[in-house]
Q: 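First, the structure itself, so that you have it in front of you.
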Amino acid sequence: MAVADIEKTVQVSASEELTDDLASPKPAPTTAWGKFLKKIELKSSNSERLSNEDLDPVPWERRTWRWYNLALYWISDAFAPGGWRAAASLMKIGLSWRWSLFNIALANILIAIVITLNAHPGARYHVCFPVFSRVPFGFYFSYVMVFMRMITGIFWYGIQTYTGAECVRSLLFAIWPSFRNLPNHLPASANIETNFMISWFIYFLLCVPVHLIRVENTRWYFMFKCCLVPICGFAIMGWVVQAADSLPGESLFAQGNTVHGSAFTWAFMSALYSNMGGGSTYATNASDYSRYTRKEYSILFQLFALPFSNILMAVMGVVGAAGTLKVYGEILWDPLLLIDHWTSRGGRAAAAFCAIAFIVAQVGQNISANSIAAANDLNAIFPKYINIRRGQIIAALLGAWALTPWNILTSATAFLSFMSGYSIWLSSIAGILFSDYWLVHKLKYDVRELYNTHGIYRYNKWGFNWRSVVAFTCGWVPLLPGFINSINPNIYVVEGMVRLYYLGFFYGFFCAALVYWALCHFFPQEETYVEAVLPPGKPSDEEEIIDGIGSDVVGSDYEIEKKA
């Protein structure tokens with residue numbers, strides 16, 4: 001920056017400060033609600049930029065994640081009870097164990113590619129999904145996308161809390177066998193028993209302290225989880241193999257496909273869509289973690305870590321299920337049900353250790369997949385009052401208690417099916433994010449304009465980009481009939497629309513991406529095509545003084561930044 005420009009900027013800042021001093025102070029709030037809002041207002045909030053410390057680009061000192069932290073993040077995410085159960089649903093619809101594992105492997109490889117591509121804006125510009133989504137969707141229409149993803153995060157937080165409570169219950173079963181027979185004092189209409197409610201409450205209390213950890217420091221938790229949980233997984237698998245080795249009986253590995261021909265093909269595609277849909281939230285919020293890395297290439301290690309860890313956990317599940325068929329005469333896909341069978345003195349000690357490992361795993365997965373994503377969204381919607389810490393607590397209270405997941409899992413099957421198919425929207429969002437960043441703007445964003453409510457990414461006075469609206473609509477509307485049929489099979493839908501729904505993630509992603517690219521090609525918004533403006537690599541006092549809003553918001557030319 002030229003010296004004259006520096007002097008001019010400093011003069012402008014000084015005149016603004018003088019004006020602020022001369023302006024009459026705002027009257028103090030008189031109502032109880034006004035006083036409460038004033039009390040909880042964040043000191044770092046900036047009403048002009050609709051931002052705060054957690055929404056701004058991550059400064060250099062907080063970019064603490066290395067390549068191995070991202071790799072361990074994905075490994076820790078996979079090592080949870082849900083990963084152990086992954087192959088169960090596939091075998092139930094007719095796939096053999098070989099095809100089930102192949103389906104899981106293919107789904108995770110494909111979703112890892114999408115996640116890595118959409119993680120790059122965070123690794124380069126150090127902003128989260130709610131911020132860089134303003135480029136393709138427009139400053140204010142992006143809030144619609146953010147709200148949709150927030151709902152997903154809160155819902156799945158509640159569902160994962162149910163699994164976490166199961167882990168705590170298994171621990172209490174191992175420590176106090178009498179806990180199994182604890183009298184139930186809740187009515188049948190509650191859809192939850194007393195011992196499970198106690199387990200639920202304990203699990204929730206264990207989650208709260210982890211929610212208070214700053215995001216950049218959660219890498220230590222994921223590292224601890226990666227050391228503990230795989231030991232537990234291999235131990236269970238080893239015990240099952242040893243116990244079942246000499247026992248007679250039918251082997252699960254001898255079972256082949258129970259569906260054939262076109263039925264097999266569409267069963268395979270339905271399973272592939274389901275497995276990829278489970279990663280659709282990651283496909284949108286990948287930047288929420290990659291923004292804490294210092295090197296752009298760090299995200300490449302996700303391409304290996306994500307598929308490897310999920311495949312390994314699924315293999316453990318298949319081996320464990322195959323062994324329990326011989327040992328107990330029934331297939332136990334759930335590792336928690338398996339360790340609940342260990343009732344001897346030594347067996348209970350082993351069950352307690354495994355239950356503790358799964359509790360650690362489930363807390364980490366719920367935070368990595370759901371609470372931080374929802375917290376970033378709440379942060380973007382209410383930047384004046386909510387940061388990531390507060391957002392996580394709010395998401396936890398809404399997901400674990402207000403949503404009453406025990407009612408959903410036991411009675412609200414239609415709502416559960418609705419949320420399971422929610423990826424038809426998220427896949428379209430992910431496709432537009434990919435298309436805008438890689439194909440339309442070719443990796444070049446202006447960070448300063450991402451926080452300018454009247455800047456180039458507003459597009460019009462309403463703050464929406466009509467191209468993304470059209471592309472988003474094209475991505476999910478054709479999938480709606482099949483989606484409705486999945487919620488209520490009694491509603492007749494032609495077979496072709498149902499099969500299109502089985503291709504939901506592929507269709508939604510590629511259709512939205514191609515339509516958006518075509519519209520931007522023929523109807524370009526020229527002022528949004530800029531040279532890359534990045535946050536500085538290492539903040540300096542001069543930058544902080546000149547910019548007035550923090551050195552991590554207003555940046556430098558990309559080539560200069562790369563040299564730095």
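Quick note: numbers below take in every heavy atom, side chains included, and nothing from hydrogens, waters or symmetry partners.
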Q: For a 4.5 angstrom cut-off between non-hydrogen side-chain atoms, does Tyr292 reach Val215?
A: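 Contact flag for Tyr292/Val215 side chains = yes.
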Q: Give a yes or no on whether the backbone of Ser51 and the side-chain of Asn46 come within a donor-acceptor separation of less than 3.5 Å.
A: no
Q: Does atom OH of Tyr529 have more than 12 heavy-atom neighbours from other groups under 6.0 Å away?
A: yes
Q: Taking atom CZ of Phe137 and atom CG of Asn465, what is their separation to the nearest 0.5 Å?
A: 9.0 Å
Q: With sequence neighbours left out, write down each residue that passes salt bridge (Lys or Arg N to Asp or Glu O under 4.0 Å) with Arg458, or none if nothing qualifies.
A: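 With neighbours one apart ignored, the set is empty.
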Q: What distance separates Asn387 CG from Ile393 CD1, expressed to the nearest 0.5 Å?
A: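 Separation between the atoms: 10.5 Å.
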Q: Could you tell me whether Tyr140 atom OH has more than 12 heavy atoms of other residues or ligands within 6.0 Å of it?
A: yes
Q: Is the side chain of Trp438 donor-acceptor paired with the backbone N or O of Leu117 at a distance under 3.5 Å, no angle test?
A: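 Yes; judged by distance alone, with no hydrogens or angles, the pair exists.
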Q: Using side-chain contact (heavy atoms from CB on, under 4.5 Å), reason through Leu403 and Tyr157 one step at a time and then give a plain yes or no.
A: CA-CA 10 Å; Leu403 202 62; Tyr157 184 95; over 6 Å; no
Q: Inspect the surroundings of OH in Tyr385 and state if more than 12 heavy atoms from other residues, nucleotides or ligands are less than 6.0 Å away.
A: yes
Q: Starting at NZ of Lys225, measure out to OH of Tyr73 and round the result to the nearest 0.5 Å.
A: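 Rounded to the nearest 0.5 Å, the NZ-OH separation comes to 9.5 Å.
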Q: Checking Asn108 side chain against Ile104 main chain: does a donor-acceptor pair fall under 3.5 Å?
A: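 Yes, Asn108 side chain to Ile104 backbone: donor-acceptor pair under 3.5 Å.
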Q: Parallel, tilted or perpendicular, judged at 30° and 60°: which one describes the rings of Phe505 and Phe509?
A: parallel
Q: How many angstroms lie between OG1 in Thr528 and NE2 in His441, if you round to the nearest 0.5 Å?
A: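 Going from the OG1 atom of Thr528 to the NE2 atom of His441 covers 3.0 Å.
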Q: Looking at Trp401 versus Phe204, is the centre-to-centre ring distance below 6.0 Å?
A: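 Yes, ring centres under 6.0 Å apart.
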Q: If you round to the nearest 0.5 Å, how far is CH2 of Trp517 from OG of Ser435?
A: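 So the gap between those two atoms works out to 8.5 Å.
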Q: Using the test side-chain hydrogen bond (donor to acceptor under 3.5 Å, both in side chains), find all partners of Thr64 that sit at least two apart in sequence or belong to another chain.
A: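 Thr64 satisfies side-chain hydrogen bond (donor to acceptor under 3.5 Å, both in side chains) with Arg219 once adjacent residues are dropped.
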Q: Going by the rule salt bridge (Lys or Arg N to Asp or Glu O under 4.0 Å), which residues pair with Lys35 if we only count those two or more places apart in sequence or in a different chain?
A: none
Q: Counting distance only, does the side-chain N/O of Ser287 pair as donor-acceptor with the main-chain N or O of Ser290 below 3.5 Å?
A: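 Not a single qualifying donor-acceptor pair exists.
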Q: Among all residues two or more places apart in sequence or in another chain, which pass the salt bridge (Lys or Arg N to Asp or Glu O under 4.0 Å) test with Asp288?
A: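 Salt bridge (Lys or Arg N to Asp or Glu O under 4.0 Å) check on Asp288 returns Arg149.
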Q: Looking at Asp77, is its backbone amide N or carbonyl O close enough to the side chain of Gln365 to form a donor-acceptor pair, meaning the two atoms are under 3.5 Å apart?
A: yes
Q: Please report whether the ring centroid of Tyr422 lies less than 6.0 Å from that of Phe155.
A: no
Q: Please tell me if the side chains of Trp220 and Ile213 come closer than 4.5 Å, counting only heavy atoms from C-beta onward.
A: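 Contact flag for Trp220/Ile213 side chains = no.
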Q: For the aromatic rings, using the six-membered ring if either is Trp, is the centroid distance between Tyr445 and His120 under 6.0 Å?
A: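 That pair fails the under 6.0 Å test.
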Q: Of the non-hydrogen atoms in Arg214 and Glu53, which two are nearest, and what is the gap between them?
A: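 In terms of heavy atoms, the two residues are closest at NH2-OE2, 4.0 Å.
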Q: Do the two ring centres, one from Tyr459 and one from Trp466, sit under 6.0 Å apart?
A: no
Q: Give me the atom names and distance for the closest heavy-atom approach of Ala283 to Ala430.
A: CB-CB, 4.0 Å
Q: I need the minimum non-hydrogen distance between Leu42 and Asn52, along with the two atoms involved.
A: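 Heavy-atom minimum between the residues: CD1-ND2, 3.6 Å.
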Q: Say whether, by atom type as modelled, one donor and one acceptor occur between the side chain of Arg124 and the main chain of Leu443 under 3.5 angstrom.
A: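 Yes; at least one donor-acceptor contact below 3.5 Å.
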Q: Do you know the tightest heavy-atom contact between Ile456 and Glu527?
A: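 The answer is CD1-O, 3.6 Å.
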Q: Test of understanding: with salt bridge (Lys or Arg N to Asp or Glu O under 4.0 Å), list the residues that count as partners of Asp54, not counting sequence neighbours.
A: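 If we apply the salt bridge (Lys or Arg N to Asp or Glu O under 4.0 Å) test to Asp54, skipping adjacent residues, the hits are Arg62.
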Q: Does the Arg389 side chain pair with the main chain of Leu212, one donor and one acceptor, at a distance under 3.5 Å?
A: yes
Q: Could you pull out the closest heavy-atom pair between Ala513 and Gly431, with the gap in Å?
A: CB-O, 3.4 Å
Q: With side-chain contact (heavy atoms from CB on, under 4.5 Å) as the test, would you mind laying out the steps for Phe139 and Leu50 before giving the verdict?
A: CA-CA 11 Å; Phe139 197 96; Leu50 298 181; 3.7 Å; yes
Q: Under the salt bridge (Lys or Arg N to Asp or Glu O under 4.0 Å) definition, can you give me all pairs with a residue in residues 471-488, not counting sequence neighbours?
A: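 Counting only pairs at least two positions apart or across chains, no salt bridge (Lys or Arg N to Asp or Glu O under 4.0 Å) contact touches residues 471-488.
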Q: Please round to the nearest 0.5 Å and tell me the distance separating atom CG of Leu500 and atom CD1 of Ile424.
A: 10.5 Å
Q: Does atom CZ (Phe141) have a neighbourhood of more than 12 heavy atoms from anything else shown, all under 6.0 Å?
A: yes
Q: Checking Ser423 now: which residues fulfil side chain to side chain contact (heavy atoms under 4.5 Å, CB included) with it, not counting sequence neighbours?
A: Tyr273, Ser280
Q: Please list, chain by chain and in numerical order, all residues satisfying side-chain hydrogen bond (donor to acceptor under 3.5 Å, both in side chains) with Tyr289, sequence neighbours excluded.
A: none
Q: Can a donor-acceptor pair be found, under 3.5 Å and without considering hydrogens, that links the side chain of Ser274 to the backbone of Ser270?
A: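 Answer holds: no.
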Q: I want to check something: taking the side chain as every heavy atom from C-beta on, are Tyr125 and Val447 in contact at a cut-off of under 4.5 Å?
A: yes
Q: Within a strict 4.5 Å, meaning less than it, do heavy atoms of the Asn379 and Pro130 side chains meet?
A: no
Q: Where is the tightest heavy-atom contact between Pro478 and Cys474, given as atom of each residue plus distance?
A: CD-O, 3.3 Å
Q: Strictly distance-based, threshold 3.5 Å: is any side-chain N or O of Tyr451 a donor or acceptor partner for the main-chain N or O of Leu55?
A: yes
Q: Is any side-chain heavy atom of Phe147 closer than 4.5 Å to one of Asp377?
A: no
Q: For a ring-ring contact (aromatic ring centres under 6.0 Å, His included) check, start with the C-alpha distance between Trp74 and Tyr282, then their side-chain angles and the critical distance, and finish with the verdict.
A: CA-CA 11 Å; Trp74 289 110; Tyr282 294 115; 4.8 Å; yes
Q: Sorted by first residue and then second, give each salt bridge (Lys or Arg N to Asp or Glu O under 4.0 Å) pair with at least one member in residues 461-475; sequence neighbours left out.
A: none
Q: Who passes side chain to side chain contact (heavy atoms under 4.5 Å, CB included) against Asn485, sequence neighbours left out?
A: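 Partners of Asn485 by the side chain to side chain contact (heavy atoms under 4.5 Å, CB included) criterion, ordered by chain and then number, come out as Val493, Val498.
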Q: Both conditions, 6.0 Å and 45 degrees, for the charged tip of Arg294 above the ring of Trp60: are they met here?
A: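 That pair qualifies as a cation-pi contact.
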Q: Run the numbers on Met150 and Ile154 for side-chain contact (heavy atoms from CB on, under 4.5 Å), then give the verdict.
A: CA-CA 6 Å; Met150 180 192 71; Ile154 292 175; 4.0 Å; yes
Q: Return the set of residues passing side-chain hydrogen bond (donor to acceptor under 3.5 Å, both in side chains) with Thr293 (not counting sequence neighbours), or none when no residue passes.
A: none
Q: Is the side chain of Asp436 donor-acceptor paired with the backbone N or O of Ile432 at a distance under 3.5 Å, no angle test?
A: no
Q: Using side-chain hydrogen bond (donor to acceptor under 3.5 Å, both in side chains) as the criterion, list what pairs up with Thr161, not counting sequence neighbours.
A: Asn366
